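Notes follow once the structure below has been shown.
This structure is a prediction, so every number in the text was calculated from the model and none was measured. Below, chains carry the letters A, B, ... as their sequence lines are ordered, and counting in each starts from 1.
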There are 2 protein chains.
Amino acid sequence: MQELITDILKRNQLSVTESRRKILELFHQSKGALAHADIEQSSAEHFDRVTIYRTLQTFVDKGIIHTIPTSDNSVRYALCKDECSAGHHHDNHVHFICDQCDTTYCLDHVSVPSLKMPNGFEAKQTDVVVSGICKNCQS
Amino acid sequence: MQELITDILKRNQLSVTESRRKILELFHQSKGALAHADIEQSSAEHFDRVTIYRTLQTFVDKGIIHTIPTSDNSVRYALCKDECSAGHHHDNHVHFICDQCDTTYCLDHVSVPSLKMPNGFEAKQTDVVVSGICKNCQS
DNA sequence: ACTATTTCGCAACTTTGTTGCAAAAAAATT
DNA sequence: AATTTTTTTGCAACAAAGTTGCGAAATAGT
Ligand SMILES: [Zn+2]
Ligand SMILES: [Zn+2]
Ligand SMILES: [Zn+2]
Ligand SMILES: [Zn+2]
(Lines give C-alpha, C1' and ligand atoms only; values in the text may rest on other atoms or scores of the structure.)
(Ligands and ions follow the chains in the order given, each with its own letter.)
Protein backbone atom coordinates (compact mmCIF):
# COMPACT_ATOMS: atom_id res chain seq x y z
CA MET A 1 0.00 0.00 0.00
CA GLN A 2 2.70 2.47 1.03
CA GLU A 3 4.40 1.69 -2.28
CA LEU A 4 1.30 2.54 -4.27
CA ILE A 5 0.73 5.77 -2.40
CA THR A 6 4.31 6.93 -2.80
CA ASP A 7 4.20 5.98 -6.45
CA ILE A 8 1.11 8.07 -7.13
CA LEU A 9 2.69 11.10 -5.51
CA LYS A 10 5.92 10.73 -7.45
CA ARG A 11 4.10 10.15 -10.72
CA ASN A 12 2.47 13.51 -10.16
CA GLN A 13 5.72 15.29 -9.35
CA LEU A 14 4.76 15.90 -5.77
CA SER A 15 7.12 15.84 -2.83
CA VAL A 16 6.36 12.80 -0.71
CA THR A 17 5.39 14.16 2.68
CA GLU A 18 3.70 12.59 5.64
CA SER A 19 0.47 14.57 5.31
CA ARG A 20 0.12 13.82 1.63
CA ARG A 21 0.76 10.13 2.13
CA LYS A 22 -1.68 9.85 5.02
CA ILE A 23 -4.43 11.80 3.33
CA LEU A 24 -4.07 9.91 0.08
CA GLU A 25 -4.12 6.68 2.05
CA LEU A 26 -7.39 7.72 3.68
CA PHE A 27 -8.95 8.08 0.25
CA HIS A 28 -7.77 4.64 -0.78
CA GLN A 29 -9.12 3.08 2.37
CA SER A 30 -12.47 4.84 2.23
CA LYS A 31 -15.38 3.38 0.31
CA GLY A 32 -17.00 6.72 -0.37
CA ALA A 33 -16.01 10.32 -0.76
CA LEU A 34 -14.43 12.38 2.00
CA ALA A 35 -15.16 15.88 3.19
CA HIS A 36 -12.60 18.16 4.71
CA ALA A 37 -14.06 17.50 8.16
CA ASP A 38 -13.76 13.72 7.73
CA ILE A 39 -10.06 14.06 7.16
CA GLU A 40 -9.59 16.52 9.97
CA GLN A 41 -11.23 14.17 12.42
CA SER A 42 -10.50 10.67 11.21
CA SER A 43 -6.75 10.68 11.16
CA ALA A 44 -4.99 9.49 14.26
CA GLU A 45 -2.36 12.15 13.84
CA HIS A 46 -3.58 15.66 13.58
CA PHE A 47 -2.78 17.81 10.59
CA ASP A 48 -3.34 21.50 10.53
CA ARG A 49 -6.56 22.59 8.85
CA VAL A 50 -4.58 24.70 6.43
CA THR A 51 -2.46 21.74 5.40
CA ILE A 52 -5.57 19.73 4.65
CA TYR A 53 -7.05 22.51 2.55
CA ARG A 54 -3.82 22.87 0.61
CA THR A 55 -3.32 19.15 0.17
CA LEU A 56 -6.83 18.67 -1.16
CA GLN A 57 -6.39 21.56 -3.56
CA THR A 58 -3.09 20.14 -4.76
CA PHE A 59 -4.66 16.74 -5.37
CA VAL A 60 -7.52 18.30 -7.31
CA ASP A 61 -5.07 20.31 -9.41
CA LYS A 62 -3.09 17.19 -10.22
CA GLY A 63 -6.14 15.17 -11.15
CA ILE A 64 -5.76 12.73 -8.26
CA ILE A 65 -9.12 13.53 -6.72
CA HIS A 66 -12.23 15.34 -7.92
CA THR A 67 -14.84 17.40 -6.13
CA ILE A 68 -18.44 16.36 -5.86
CA PRO A 69 -21.19 18.98 -5.87
CA THR A 70 -23.77 18.29 -3.20
CA SER A 71 -27.20 19.71 -2.58
CA ASP A 72 -26.34 20.60 1.00
CA ASN A 73 -23.39 22.58 -0.27
CA SER A 74 -20.62 20.80 1.52
CA VAL A 75 -17.58 19.97 -0.56
CA ARG A 76 -16.62 16.32 -0.90
CA TYR A 77 -13.72 14.70 -2.66
CA ALA A 78 -13.20 11.31 -4.23
CA LEU A 79 -10.38 9.55 -6.06
CA CYS A 80 -10.25 9.99 -9.80
CA LYS A 81 -9.86 7.07 -12.15
CA ASP A 82 -6.76 6.79 -14.27
CA GLU A 83 -8.01 8.93 -17.12
CA CYS A 84 -7.69 12.17 -15.17
CA SER A 85 -4.51 14.18 -15.31
CA ALA A 86 -3.26 17.55 -14.19
CA GLY A 87 -5.67 20.18 -15.30
CA HIS A 88 -7.94 17.78 -17.11
CA HIS A 89 -10.63 15.96 -15.27
CA HIS A 90 -12.83 13.44 -17.03
CA ASP A 91 -15.04 12.30 -14.21
CA ASN A 92 -18.31 12.30 -16.06
CA HIS A 93 -20.01 9.76 -13.90
CA VAL A 94 -23.03 10.10 -11.66
CA HIS A 95 -22.70 10.61 -7.93
CA PHE A 96 -24.92 9.12 -5.28
CA ILE A 97 -25.46 10.43 -1.77
CA CYS A 98 -27.25 8.25 0.77
CA ASP A 99 -29.94 10.08 2.73
CA GLN A 100 -29.43 7.76 5.65
CA CYS A 101 -25.71 7.17 6.15
CA ASP A 102 -24.60 10.19 4.13
CA THR A 103 -22.01 8.16 2.24
CA THR A 104 -21.15 9.58 -1.16
CA TYR A 105 -20.42 7.14 -3.99
CA CYS A 106 -18.96 7.55 -7.43
CA LEU A 107 -21.18 5.47 -9.71
CA ASP A 108 -18.47 4.87 -12.25
CA HIS A 109 -20.70 2.78 -14.48
CA VAL A 110 -23.58 5.22 -14.64
CA SER A 111 -22.61 7.88 -17.08
CA VAL A 112 -24.04 11.34 -17.34
CA PRO A 113 -26.78 11.63 -19.99
CA SER A 114 -26.47 14.31 -22.62
CA LEU A 115 -29.39 16.69 -22.48
CA LYS A 116 -30.83 18.89 -25.17
CA MET A 117 -30.45 22.50 -24.15
CA PRO A 118 -32.84 25.29 -25.11
CA ASN A 119 -31.79 27.52 -28.01
CA GLY A 120 -28.86 29.71 -27.15
CA PHE A 121 -27.60 27.64 -24.27
CA GLU A 122 -24.37 25.77 -24.81
CA ALA A 123 -23.65 22.96 -22.35
CA LYS A 124 -20.04 22.32 -21.45
CA GLN A 125 -20.34 20.24 -18.31
CA THR A 126 -23.14 18.32 -16.64
CA ASP A 127 -23.15 17.32 -12.99
CA VAL A 128 -25.63 14.74 -11.78
CA VAL A 129 -26.12 13.97 -8.11
CA VAL A 130 -28.65 11.33 -7.13
CA SER A 131 -29.78 10.92 -3.56
CA GLY A 132 -31.67 8.09 -1.94
CA ILE A 133 -30.90 4.89 -0.06
CA CYS A 134 -27.62 3.15 -0.68
CA LYS A 135 -26.73 -0.51 -0.93
CA ASN A 136 -25.64 -0.79 2.69
CA CYS A 137 -28.69 0.92 4.12
CA GLN A 138 -31.35 -1.21 2.42
CA SER A 139 -33.38 -2.90 5.14
CA MET B 1 -47.00 43.64 -8.54
CA GLN B 2 -47.39 44.60 -4.88
CA GLU B 3 -50.73 42.83 -4.94
CA LEU B 4 -49.20 39.62 -6.23
CA ILE B 5 -46.41 39.68 -3.69
CA THR B 6 -48.72 40.30 -0.76
CA ASP B 7 -51.03 37.60 -2.03
CA ILE B 8 -48.29 34.98 -2.16
CA LEU B 9 -47.25 35.76 1.40
CA LYS B 10 -50.80 35.57 2.70
CA ARG B 11 -51.51 32.36 0.80
CA ASN B 12 -48.61 30.86 2.69
CA GLN B 13 -49.75 32.11 6.07
CA LEU B 14 -46.84 34.48 6.45
CA SER B 15 -46.99 37.86 8.07
CA VAL B 16 -46.58 40.51 5.43
CA THR B 17 -43.46 42.41 6.38
CA GLU B 18 -41.27 44.82 4.49
CA SER B 19 -38.29 42.49 4.26
CA ARG B 20 -40.37 39.60 2.99
CA ARG B 21 -42.12 41.73 0.41
CA LYS B 22 -38.89 43.28 -0.84
CA ILE B 23 -36.99 40.02 -1.02
CA LEU B 24 -39.83 38.21 -2.75
CA GLU B 25 -40.08 41.11 -5.16
CA LEU B 26 -36.39 40.77 -5.96
CA PHE B 27 -36.96 37.17 -6.98
CA HIS B 28 -39.84 38.14 -9.23
CA GLN B 29 -37.78 40.85 -10.88
CA SER B 30 -34.69 38.73 -11.36
CA LYS B 31 -34.18 36.61 -14.45
CA GLY B 32 -31.97 34.08 -12.71
CA ALA B 33 -31.42 32.70 -9.27
CA LEU B 34 -30.22 34.79 -6.34
CA ALA B 35 -27.57 34.12 -3.75
CA HIS B 36 -27.64 35.47 -0.25
CA ALA B 37 -25.00 38.04 -1.20
CA ASP B 38 -27.03 39.26 -4.17
CA ILE B 39 -29.89 40.11 -1.87
CA GLU B 40 -27.68 41.67 0.74
CA GLN B 41 -26.15 44.00 -1.81
CA SER B 42 -28.84 44.67 -4.38
CA SER B 43 -31.59 46.11 -2.26
CA ALA B 44 -31.70 49.85 -1.86
CA GLU B 45 -32.66 49.49 1.75
CA HIS B 46 -30.43 47.39 3.86
CA PHE B 47 -31.71 44.35 5.68
CA ASP B 48 -29.79 42.61 8.37
CA ARG B 49 -27.90 39.50 7.25
CA VAL B 50 -29.75 37.46 9.79
CA THR B 51 -33.10 38.61 8.48
CA ILE B 52 -32.11 37.56 4.98
CA TYR B 53 -31.02 34.13 6.16
CA ARG B 54 -34.24 33.65 8.04
CA THR B 55 -36.42 34.94 5.24
CA LEU B 56 -34.80 32.66 2.69
CA GLN B 57 -35.19 29.69 5.01
CA THR B 58 -38.84 30.53 5.57
CA PHE B 59 -39.47 30.77 1.83
CA VAL B 60 -37.79 27.42 1.27
CA ASP B 61 -39.85 25.82 4.02
CA LYS B 62 -43.03 27.18 2.52
CA GLY B 63 -42.20 26.01 -0.98
CA ILE B 64 -41.94 29.53 -2.39
CA ILE B 65 -38.33 29.19 -3.46
CA HIS B 66 -35.96 26.25 -3.92
CA THR B 67 -32.23 25.88 -3.49
CA ILE B 68 -29.93 25.10 -6.37
CA PRO B 69 -26.88 22.90 -5.83
CA THR B 70 -23.83 24.38 -7.49
CA SER B 71 -20.42 22.95 -8.23
CA ASP B 72 -18.70 25.87 -6.55
CA ASN B 73 -20.75 25.23 -3.45
CA SER B 74 -22.45 28.55 -3.08
CA VAL B 75 -26.13 28.40 -2.27
CA ARG B 76 -28.54 29.95 -4.72
CA TYR B 77 -32.28 30.28 -4.63
CA ALA B 78 -34.96 30.53 -7.29
CA LEU B 79 -38.73 30.81 -7.35
CA CYS B 80 -40.69 27.59 -7.39
CA LYS B 81 -43.50 26.96 -9.81
CA ASP B 82 -47.01 26.52 -8.53
CA GLU B 83 -46.76 22.81 -7.84
CA CYS B 84 -44.54 23.27 -4.80
CA SER B 85 -46.06 23.59 -1.37
CA ALA B 86 -44.94 23.66 2.21
CA GLY B 87 -42.64 20.76 2.84
CA HIS B 88 -43.01 19.34 -0.65
CA HIS B 89 -40.83 20.52 -3.44
CA HIS B 90 -41.29 19.23 -6.97
CA ASP B 91 -38.68 21.17 -8.81
CA ASN B 92 -37.36 18.39 -10.96
CA HIS B 93 -36.02 20.55 -13.70
CA VAL B 94 -32.46 21.06 -14.86
CA HIS B 95 -30.40 24.03 -13.72
CA PHE B 96 -27.95 25.93 -15.85
CA ILE B 97 -25.07 28.07 -14.63
CA CYS B 98 -23.24 30.34 -17.05
CA ASP B 99 -19.47 30.14 -16.82
CA GLN B 100 -19.18 33.69 -18.03
CA CYS B 101 -21.83 35.82 -16.36
CA ASP B 102 -22.52 33.38 -13.54
CA THR B 103 -26.27 33.67 -13.98
CA THR B 104 -28.19 30.63 -12.79
CA TYR B 105 -31.29 29.61 -14.73
CA CYS B 106 -34.08 27.17 -14.02
CA LEU B 107 -34.62 25.30 -17.28
CA ASP B 108 -38.23 24.54 -16.58
CA HIS B 109 -38.72 22.73 -19.85
CA VAL B 110 -35.73 20.44 -19.56
CA SER B 111 -36.70 17.68 -17.21
CA VAL B 112 -34.40 15.47 -15.26
CA PRO B 113 -33.78 12.10 -16.94
CA SER B 114 -34.41 8.99 -14.92
CA LEU B 115 -31.27 6.94 -14.58
CA LYS B 116 -30.87 3.25 -13.94
CA MET B 117 -29.15 2.75 -10.61
CA PRO B 118 -26.85 -0.15 -9.79
CA ASN B 119 -28.35 -3.01 -7.76
CA GLY B 120 -29.12 -2.02 -4.21
CA PHE B 121 -29.24 1.71 -4.82
CA GLU B 122 -32.62 3.35 -4.63
CA ALA B 123 -32.87 6.80 -6.20
CA LYS B 124 -35.23 9.28 -4.61
CA GLN B 125 -34.06 12.56 -6.05
CA THR B 126 -31.86 13.57 -8.95
CA ASP B 127 -30.20 16.95 -9.25
CA VAL B 128 -28.77 18.01 -12.57
CA VAL B 129 -26.66 21.12 -12.96
CA VAL B 130 -25.36 22.03 -16.40
CA SER B 131 -22.73 24.67 -16.88
CA GLY B 132 -21.62 26.40 -20.04
CA ILE B 133 -22.46 29.58 -21.95
CA CYS B 134 -25.88 31.09 -21.60
CA LYS B 135 -28.15 32.73 -24.12
CA ASN B 136 -27.05 36.26 -23.26
CA CYS B 137 -23.35 35.52 -23.39
CA GLN B 138 -23.24 33.94 -26.86
CA SER B 139 -20.98 36.10 -29.01
C1' DA C 1 -57.19 51.37 20.05
C1' DC C 2 -55.32 47.53 22.65
C1' DT C 3 -53.29 43.06 23.22
C1' DA C 4 -51.05 38.95 21.63
C1' DT C 5 -48.02 37.14 18.45
C1' DT C 6 -44.56 37.30 15.13
C1' DT C 7 -40.57 39.23 13.11
C1' DC C 8 -36.45 42.16 13.14
C1' DG C 9 -31.96 43.81 14.27
C1' DC C 10 -28.14 43.71 17.16
C1' DA C 11 -24.45 41.40 19.57
C1' DA C 12 -21.96 37.58 20.32
C1' DC C 13 -20.44 33.41 18.68
C1' DT C 14 -19.17 29.27 15.62
C1' DT C 15 -17.68 27.30 11.45
C1' DT C 16 -15.35 27.48 7.21
C1' DG C 17 -11.92 29.05 4.32
C1' DT C 18 -7.72 32.26 3.07
C1' DT C 19 -3.05 34.59 3.35
C1' DG C 20 1.77 35.72 4.90
C1' DC C 21 5.64 34.12 6.89
C1' DA C 22 9.23 31.70 9.58
C1' DA C 23 10.55 26.98 10.79
C1' DA C 24 10.81 22.31 9.30
C1' DA C 25 11.09 18.78 5.96
C1' DA C 26 12.11 16.97 1.41
C1' DA C 27 14.74 17.07 -2.82
C1' DA C 28 18.73 18.22 -5.39
C1' DT C 29 23.58 18.93 -5.50
C1' DT C 30 28.17 18.42 -4.24
C1' DA D 1 26.93 11.93 3.82
C1' DA D 2 26.83 16.74 4.31
C1' DT D 3 25.28 21.03 2.35
C1' DT D 4 22.40 23.88 -0.30
C1' DT D 5 18.09 24.77 -2.56
C1' DT D 6 13.35 24.19 -2.89
C1' DT D 7 9.01 22.86 -1.17
C1' DT D 8 5.84 22.15 2.43
C1' DT D 9 4.11 22.77 7.00
C1' DG D 10 2.04 24.99 11.07
C1' DC D 11 0.98 29.07 13.35
C1' DA D 12 -1.24 33.43 13.73
C1' DA D 13 -4.14 36.57 12.05
C1' DC D 14 -7.77 37.47 9.24
C1' DA D 15 -12.13 37.25 6.30
C1' DA D 16 -16.38 35.29 5.00
C1' DA D 17 -20.47 32.61 5.98
C1' DG D 18 -23.84 31.05 8.99
C1' DT D 19 -26.20 30.46 13.80
C1' DT D 20 -28.42 31.64 18.35
C1' DG D 21 -30.58 34.41 22.12
C1' DC D 22 -33.03 38.22 23.24
C1' DG D 23 -35.21 42.82 23.71
C1' DA D 24 -37.43 46.18 20.62
C1' DA D 25 -40.40 46.89 16.85
C1' DA D 26 -43.80 45.67 13.64
C1' DT D 27 -47.77 42.83 12.35
C1' DA D 28 -52.07 40.48 13.15
C1' DG D 29 -56.14 39.57 15.79
C1' DT D 30 -59.89 41.44 18.79
ZN1 LIG E 1 -26.35 4.47 3.18
ZN1 LIG F 1 -16.79 10.72 -8.65
ZN1 LIG G 1 -24.11 34.19 -19.33
ZN1 LIG H 1 -34.98 25.73 -10.37
When the distance from [atom1] of [X] to [atom2] of [N] is rounded to whole Å, what number comes out?
X	N	atom1	atom2	answer
B:Arg76	D:dG18	CZ	P	12 Å
B:Tyr53	C:dT7	OH	P	20 Å
A:Gln57	C:dT19	CD	P	11 Å
A:Phe47	D:dG10	CZ	C1'	12 Å
A:Glu40	D:dT9	CD	C1'	15 Å
B:Glu18	C:dT6	CD	C1'	16 Å
A:Gln13	D:dT6	CD	P	17 Å
A:Leu9	C:dA27	CG	P	9 Å

Any base atoms under 4.0 Å from A:Arg49, or only sugar-phosphate, or nothing? Heavy atoms, all strands. base

Phosphate OP1/OP2 of [N] contacted by [X] side-chain N/O (<4.0 Å):
X	N	answer
A:Ser19	D:dT9	yes
A:Thr51	D:dG10	yes
B:Thr17	C:dC8	yes

What do you reckon, is CD of B:Glu3 surrounded by more than 12 foreign heavy atoms closer than 6.0 Å? no

Let's test your reading of the model: under 3.5 Å, does the base of D:dG18 pair with the side chain of B:Arg54 as donor and acceptor? no

Nearest-nucleotide 5' precedence on DNA chain D, B:Val50 against B:Lys10: B:Val50

Sequence neighbours left out, cut at 3.5 Å: what donor-acceptor pairs do the side chains of residues 102-124 of chain B make with other protein atoms?
from	atom 1	to	atom 2	distance (Å)
B:Asp102	OD2	B:Arg76	NH2	3.1
B:Thr104	OG1	B:Arg76	NH1	2.5

Side chain of B:Leu14: nearest nucleotide among C:dT7, D:dG10, D:dG18? C:dT7

Nearest to the B:Val16 side chain among D:dG10, C:dT7, D:dA28, which nucleotide is it? D:dA28

Return yes if some donor-acceptor pair links the side-chain N/O of [X] with the main-chain N/O of [Y] below 3.5 Å, else return no.
X	Y	value
A:Ser30	A:Gly32	yes
B:Arg21	B:Ile5	no
B:Asn12	B:Leu9	no

